[in-house]
Structure formats: C-alpha cells, structure tokens
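Taking it in order: structure first as structure tokens, then the write-up.
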There are 2 protein chains.
Amino acid sequence: MTIDTISKVTLKHIAETLGISITTVSRVLSGQARKYRISQETESFIRNLANELKFVPSQLARNLRLNRTTTIGLVIPDISNPYFAGIANKVTVEAHRNGYGVILCDSQGNIDMEIESIENLRSRNVEGLILCPVGQSGQHLKDYESNNYSIVLVDRYFAEMSLSHVASDNRNGSKIATNYLIDKGHQRIACLQGLHNTSTNEDRVKGYSEALSGHNIKIDTSLIAGDSFSEQSGYVETKLLLKKPRRCTAVLALSNLIALGALRAISEEGLKIPDDLSIISFDDQPYMAYLSPPMTTVAQENAEMGQIAVKMLFDRIRAPHTNPGGGILLPTHLVHRKSVKEISLI
Amino acid sequence: MTIDTISKVTLKHIAETLGISITTVSRVLSGQARKYRISQETESFIRNLANELKFVPSQLARNLRLNRTTTIGLVIPDISNPYFAGIANKVTVEAHRNGYGVILCDSQGNIDMEIESIENLRSRNVEGLILCPVGQSGQHLKDYESNNYSIVLVDRYFAEMSLSHVASDNRNGSKIATNYLIDKGHQRIACLQGLHNTSTNEDRVKGYSEALSGHNIKIDTSLIAGDSFSEQSGYVETKLLLKKPRRCTAVLALSNLIALGALRAISEEGLKIPDDLSIISFDDQPYMAYLSPPMTTVAQENAEMGQIAVKMLFDRIRAPHTNPGGGILLPTHLVHRKSVKEISLI
DNA sequence: ATGAAAGCGCTAACAA
DNA sequence: TTGTTAGCGCTTTCAT
C-alpha cells in the first residue's frame, strides 16, 4: 500500500525529462541558481516544469541529508489547563515565526508519560525541547545537563540542576499576596499547596512563610495543607480546614484549580467570600474576573514565559556548546479584585 | 556547524563494533529478530550494546525509507481557548496511543494563517490533517474533496462540501436551551451570535429560531446581535441590548467568551443574574460552575470530538481511496445551574 | 540464520 | 555553468 499523501514528483523526474543533472535542478529549486550561475534558460526550463508538475521538495529527504528537522518538541502536563495553554500558544506561534514546527506532547501530569514523550520526541529528531516538567525530581534529565542537547524548562525547574529555564518568581508572588492579606488584618492564613518538592510549590510556600515571619506571625503548619495542584485537592483540604476549631480568615490557593476546589468547598459550607473568608488564587485567568466574587489573584506572565522559552531554546540550538545560561524568573503581580476583605485585628 | 542534537549512534556503529552486518542489527532493533530467526546470542549482543550506547533509531532515515512520518497535523484557532484546548488534548493523547506525533499549529483565528499552516504541515509530510477551520468558506479546502489526502474537520464544517467532519449538534443544543428558557416563562430572548456564515453560528441561530417558532413566538431580529465569538463582541452587544426600551428577559450566548463579555456588561449595568436577567451560555467549562451565579450551559462533548476526529482520520489514512465518509454530529445537553430564573408570563 | 547491495530524495564536495 | 559522486541512516529484496 503506497501512501500517496506524499508527493511523487522528485528532482530526478525533472532532471530526466529535461535531460540535465539532478544537481542543477536541486540548485535552482532550492534557490541557489544565482550562486551557481545557472543560465537563465536552464533555470526557467526547470522552474516551469516544476510548477507544472507541482513539485514539492521532500522535507523527509532534506531532513535526512541536512540532519535537521526545523522542529522542536513541547511537553505540557495538560494542555486543557488554560495556564499551560497560554504557554503553548506563545511557543507555537513564536516557533512558527522562526520557521520551526512544534510537536506537542501531553504528559497528562504523569512522569512516565513525560519520559516517554521526551524519548519519542528525540527519536523524531526534534532540534530542541521545551518542557514543563511534572516530576518531583529531575533525575531523568541528568543527561541534558551536559550541554549537548538543547532543552529548556518552563514553569518549573530543578534547583539542584543546571538546566536552562524560565519560570515565575513564585516566591515573591506568594510573599506579596500574603503580605497583602496581612495588611488587611488577616493573621490566620491557610495555604493550599500543590505537589510537594516542585519548585513551583516550594517557592510559593517559602514566600508565604517569609511574609508571615516578616510580620512576626507564627507559622501554624496545620494551616499548610494539600498535595496536588488539582481541583480535588483544593476541595478536600478546604473542607477539612473549615471543620477546624479556630478557623482561618483567609486562604492562599497555590493554583487556579486548587482555588476552584476551594470555592466549591466554601460554598458547600454555606460561607460567603469575602465576608466569611478571604481568598487569593495563583494564575490569573480571564474568567477570574467573573467569579463570585471577582477573584484577587497572583498573575504570572505566562505568555512571556512561552516567548522567552523559545528564544532561549533557539539560542541554545544555535550555539549548543556554550554553557546552559541558567534560568530566568519572571515577575508576578497581584491583581486586586474583590475576594479579600479587610478585617479588624482580634 | 554540525548539530549534535541528533543521536550519533547508528546501526552501522553497532554492526561494526560487533562485527556483524547492519541488516542483522536492523532486524533485531526493529523487532524482527523472530521473523528472521536471529540467534539468541546475536540478539542479546545487539540489544546489550544498543542499550549501552543508548541507541535511538533515526526516524528521519526511517521516514525517508518507508515514506511515512507517523505524524499528523493539528490546526487550532486558539489553543488558549479551553474549548479548543480540550479538543487538542484528546487529539494528541489519542494520536500518541497510536504511535503518531502531532504537529500543532495555531491559526490565531486567521484564515491566512490557517492556509499557511496547512501548507507548512503538508510540506512536513504529515500523513493527515485535523483542522478546526476558522473561515466562512471552505474554498481553500477544495483540493481535499478529491479523496487523495486525509483531512478531517472538527467543530465546524462546510455544508456544501464533502469533507469528513465531527461537530456538535449545535442546532439541537440551541433549541433545547431556548425551549428551556421559554418553559421558564421567557418570551423576549436575545441571541448573542458569533461569526456569521460558520456552521457553528448558523446552526445555533437556527435552533434558537426553531424553538421560538415552535412556541409561536415571533422572531424579533433586533434581538439577534453580534458577529464574533469573542468576549468583546459579547460585551458590546449586551451593552447595546440593555439600552433598548422593551428589554429582553433572557440571553442566549453562543459561546463561552461571548458569555463572559455579557457578564461584564450586565454587571456594569448593575443588573443581577438571574433576578434581572437570565442567561445560558454555550461551552461548559470547569469554571462555569463557579461563576456568579453558576452558569447554566449547553455542554458539548469536545473530548469525544477530538477522539472521534483522530479515529476518522486514521480510518482515512488507512484507506485513503474510500469516499470521505461524511460527518458526525455529537449530541449536546443542557447543564442546569443557577443563571435562569422562572418568570411569570406578562 | 546472516549478509550484500540497492535505494528512499536530497545536498554538497569536488571536478571539469 | 554544469555534472559526478558520495553519502545521510534506514529497510528490504535477493542471495547464501
């Protein structure tokens, strides 16, 4: 069974019907007529026939010969999460602007899928990789530290590894948010965590703790709960939190999904935001402004993240042997809306 | 400048260090040891060395030789729209389960970008194409009607063209929603349209009109407004609608973005949902349940859409010369929440 | 059970 | 100005 989805007209065809060499045809059709001073006549013969036959050069052959694919790989934990979709959007658009294609893999938040995706992508000879890692360790990326393969991490990084990366300054974002809550009179602030041992989570928890310490508020570890960046985790932990005796007055949700879960729990318990409870979420999304009430959030520059990631990757592809360049942390900022209430100190 | 982003270990390497032929190595490493009755010994020698050297077969060479890429193309108008992201998610996951890679293109809702993306993808020898078209005509897809290239349309289709497609039964979805509104006593129901002359829009408007006619309610064309599936359009049109003398009592928003825009306008006008105005939106999204108030929506099976699209595409890739198979319309259903109020008939 | 050789379609030294 | 030739790394007849 031949697949005729792929062009059948080749350089050879054209060369033979014109009675000239393949090389000459190649030169003309790859825009090097000038360089090799091919005669006007020959050139137009070739061009005409090529057009007539609707010749499309085989990228396949070209790729093999040139040993490049003008393709990069993108591994995302969940493309249907708008946060990651925003990154993916910018990555594909920027890559295309540079003549590159993007092969997308969805690791589904699963480390094994992530590893498999990376292998798959590599076997497809992508020239570089943009990865939003999901795991708690970067062991499987050890090989990429030696700078012989272009990879850049996005959103999360591994502090102990020297891989290029772009992420948000989560620590500061978290600190700003917590400080804001404290300014509004909150002292018992819960922190709904995501997956432990990820830079995202640890940095955010760190920022939270630092803000508290900075105001001489003792950190109550029972107020730091949760273990996954999911709606489910947000829901469960909030339920639990609300059962406790001395209830918190504010919640810092370390992701948009966690916040949605928290919202569900809070409304089930018949509590009103912000009157009964204040909340700040990470990840500003278009719909955040339309929630009940409009949600105050820590916004990340995720479009920029995608753009910078592509830029960094191309830098590495172009100069593979320079050292990995290290990482960039993008600023975060607080988007003030209505989910936080000023309370009087007790 | 050699790009060593690409594996250097080849069959030849292995064959030479082991002193056997490339053919044998190829047979073992492509899983044909059994078929060619390669000896246990030889096989394990090969396997061991391959592992040790971390041999990764060059898909490039393989593709050229086999004249296939095990890659499909996916063209999406905007990956950061969760509706499309849901489709993309399923498409990539399903494709991977079948050993296929997915090259993603974001057409940014722009027909020229769409055309360019399709060409780009074809020159990359993708075996088939999944396309969420953005245009109001399918002229640029004329070539694909002759069944020599595998393409399937998702979300929208062109009624006058015989291209395989999967979409939602938008007409019925719209009808159900409108009927529901009428049952709750609404007679003046506005319809916030998206891009005209797209199947999605026309079908939804049709369903809306049919429901009205079915209840002998005269269609007031001044109540059908808007021209783009955007937040902006939803906002502007709602603003305008609310200025009118005999105000509508309910709004049917033909997309999630339109609904968000409507929400913004409604709240600016100081109106309360559902007390002052009822609303139903298309596209159920996780956050819809957390809006103020929780939004009643017409849900589409977009995950299934992605899945079926891949299935259809593979059917076409496997049997390219059978006829295009036509289209599938997936059922839609109403998700009841709190944005609709029962009103007494005036 | 294994190998030699041809070739997928293209590019690029090297020649002429 | 054009052509010859040698591959890129793999699969696959056809031999043995």
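The structure presented is a predicted model; accordingly, all values stated were derived computationally and were not measured. Just so it is clear, the values below take in all heavy atoms, side chains as well, and ignore hydrogens, waters and symmetry mates. Chain letters run A, B, ... following the sequence lines, proteins first and then strands; every chain starts at 1.
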ring-ring contact (aromatic ring centres under 6.0 Å, His included): pairs with one or both residues in residues 85-136 of chain B, sequence neighbours excluded: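 Sorted result for residues 85-136 of chain B: B/Tyr100-B/Phe314.
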
Classify B/Ser58 by what it touches in the nucleic acid, base, sugar-phosphate, or nothing, heavy-atom distance under 4.0 Å.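 The answer is sugar-phosphate, as B/Ser58 gets under 4.0 Å only of primed atoms, P, OP1 or OP2.
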
Reckon A/Thr24 touches a base, only the sugar-phosphate, or nothing at all at heavy-atom distances under 4.0 Å?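 Touches sugar-phosphate only.
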
Measure from [atom1] on [X] to [atom2] on [N] and round the result to the nearest Å.
X        : N      : atom1 : atom2 : value
B/Ile20  : C/dG3  : CD1   : C1'   : 11 Å
A/Ile46  : D/dT2  : CD1   : P     : 8 Å
B/Leu11  : C/dC8  : CG    : C1'   : 15 Å
B/Asn125 : C/dC8  : CG    : P     : 16 Å
B/Asn63  : D/dC10 : CG    : C1'   : 10 Å
A/Leu29  : C/dT11 : CG    : P     : 9 Å
A/His13  : C/dC10 : NE2   : P     : 9 Å
A/Phe45  : D/dT2  : CZ    : P     : 11 Å

Please answer whether the main-chain N or O of A/Asn63 pairs with a side-chain N or O of A/Thr69 as donor and acceptor at a distance below 3.5 Å. no

Would you find a donor on one side and an acceptor on the other, under 3.5 Å apart, between the side chain of B/Ser199 and the backbone of B/Phe158?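 Such a contact is absent between B/Ser199 side chain and B/Phe158 backbone.
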
Mind checking what makes side chain to side chain contact (heavy atoms under 4.5 Å, CB included) contact with B/Ile111, not counting sequence neighbours? B/Glu114, B/Ile115, B/Val134, B/His140

Please walk me through it: do A/Val102 and A/Thr71 pass side chain to side chain contact (heavy atoms under 4.5 Å, CB included)? CA-CA 6 Å; A/Val102 176; A/Thr71 303; over 6 Å; no

If you count every heavy atom of other residues, nucleotides or ligands that lies below 6.0 Å from A/Glu160 atom CD, does the total exceed 12? yes

Go through residues 33-42 of chain A and report each residue with a non-hydrogen atom lying under 4.0 Å from DNA chain D, sorted by number.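 Close to the strand are A/Tyr36, A/Arg37, A/Ile38, A/Ser39, A/Thr42.
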
Presence of donor-acceptor pair under 3.5 Å, side chain of B/Arg27 and base of C/dG3: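 Pair found.
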
With hydrogens left out and only the distance checked, is there a donor-acceptor pair under 3.5 Å joining B/Thr23's side chain and the base of C/dA4? yes

Looking at A/Arg62, I'd like to know whether one of its side-chain N or O atoms comes within less than 4.0 Å of OP1 or OP2 on C/dG9.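 No, A/Arg62 has no side-chain N/O under 4.0 Å of OP1/OP2 on C/dG9.
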
Is the phosphate of D/dG9 approached by B/Thr10 (side-chain N or O, under 4.0 Å from OP1 or OP2)? no

For the side chain of [X], starting at C-beta, report the closest nucleotide among [options].
X       : options               : answer
B/Pro57 : C/dG3, D/dC10, C/dC10 : D/dC10
B/Ser26 : C/dT11, D/dG9, D/dT12 : D/dT12
B/Leu64 : D/dG3, C/dA4, C/dC8   : C/dC8
A/Phe55 : C/dA4, D/dT4, C/dC10  : C/dC10

Is it true that A/Glu119 and A/Arg122 have a side-chain N and a carboxylate O under 4.0 angstrom from each other? no

Side chains of B/Leu141 and B/Ile118: does their closest heavy-atom pair fall under 4.5 Å? yes

